[in-house]
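Every heavy atom of this structure was used, including side-chain atoms; hydrogens, water molecules and symmetry mates were not. Each ligand, and each atom within it, is numbered from 1 in the order the structure gives.
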Amino acid sequence: MNIQVDDERCGSGEYAVSLLVEMAPEKLAIEERVPGVAGKAFDLKGWYRAWKSTRTDDEAAEPSRMTVEAADEFQADIPWDQLDQAVFLYEQDGKPIQKGYPLRLYVPDGSSECLNVKSIVRIRFFYDQSSSEATYGFKNQISVDELRLKK
Ligand SMILES: Nc1nc2c(c(=O)[nH]1)N[C@H]1C(S)=C(S)[C@@H](COP(=O)(O)O)O[C@H]1N2
Ligand SMILES: [Mo]
């Protein structure tokens with residue numbers, strides 16, 4: 001299963017988890033960031049900067065937030081400054097993760113454990129003026145604003 005990556009300024013791509021792992025400069029035991037959880041993870045911001053460096057010369061510009069979307073349509077929208085310790089869990093007991101396959105986010109500095117999104121299929125980076133609060137929930141719960149737009 002591939003993961004779709006979209007960056008508002010640097011375009012899009014689709015990657016196997018193994019390729020994301022290969023790109024990531026910092027792999028670690030997830031216990032180092034999330035005590036009590038076992039397995040291998042890679043650092044989000046390190047991976048993101050490595051990915052971005054292949055696509056733009058403007059590496060200084062950092063996103064304001066990241067959203068992740070799951071196979072079950074759960075999603076989370078997280079301000080960039082909550083993501084310094086964030087990791088993606090990709091392997092447990094030498095195998096792809098079973099709970100949360102193919103990729104699970106953990107946000108140790110995040111405002112809620114609900115942000116630890118399982119079964120990620122899409123990762124998006126935005127640069128707009130965002131709220132400083134993280135949000136999460138199921139995609140098909142349409143907001144009032146969206147209903148207004150659709151009439
Ligand atoms: N894909 C997906 N990820 C998800 C959820 C979900 O419903 N779907 N629930 C979130 C919520 S609300 C919590 S509290 C945690 C629960 O993690 P656990 O299953 O490891 O206890 O997963 C989060 N990640
Ligand atoms: Mo939750």
Checklist entry - Do Phe88 and Leu19 belong to the same hydrophobic cluster, where Ile, Leu, Val, Met, Phe, Trp and Tyr are linked whenever their side-chain heavy atoms lie under 4.5 Å apart, directly or via other members? => result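 Same hydrophobic cluster.
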Checklist entry - Is the shortest side-chain N to carboxylate O distance from Arg49 to Glu62 below 4.0 Å? => result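 Between Glu62 and Arg49 there is a salt bridge, with a charged N closer than 4.0 Å to a carboxylate O.
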Next on the checklist: Less than 4.0 angstrom from a charged side-chain N to a carboxylate O is my criterion; do Glu32 and Lys40 meet it?
Outcome noted: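 Salt bridge between Glu32 and Lys40, a charged N being under 4.0 Å from a carboxylate O: no.
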Checklist entry - Can you name the residues that come within less than 4.0 Å of ligand 1, going by heavy atoms only? => result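 Answer by chain and number: Ala70, Asp72, Phe74, Lys99, Arg104, Glu113, Cys114, Asn116, Val117, Lys118, Phe138.
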Checklist entry - Once the angle between the rings of Tyr48 and Trp80 is folded into 0 to 90°, is it parallel (under 30°), tilted (30 to 60°) or perpendicular (over 60°)? => result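 Perpendicular: the ring planes of Tyr48 and Trp80 meet at over 60°.
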Checklist entry - Does any pair with a residue in residues 63-73 pass salt bridge (charged side-chain N to carboxylate O under 4.0 Å, His left out), and if so which ones, sequence neighbours excluded? => result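 Qualifying pairs: Arg65-Asp77, Arg65-Asp128, Glu69-Arg122, Glu69-Arg124, Glu69-Lys139.
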Checklist entry - Taking the six-membered ring of Tyr127 as reference, does the NZ or CZ atom of Arg9 fall below 6.0 Å from its centre and within a 45° cone about the axis? => result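 That pair qualifies as a cation-pi contact.
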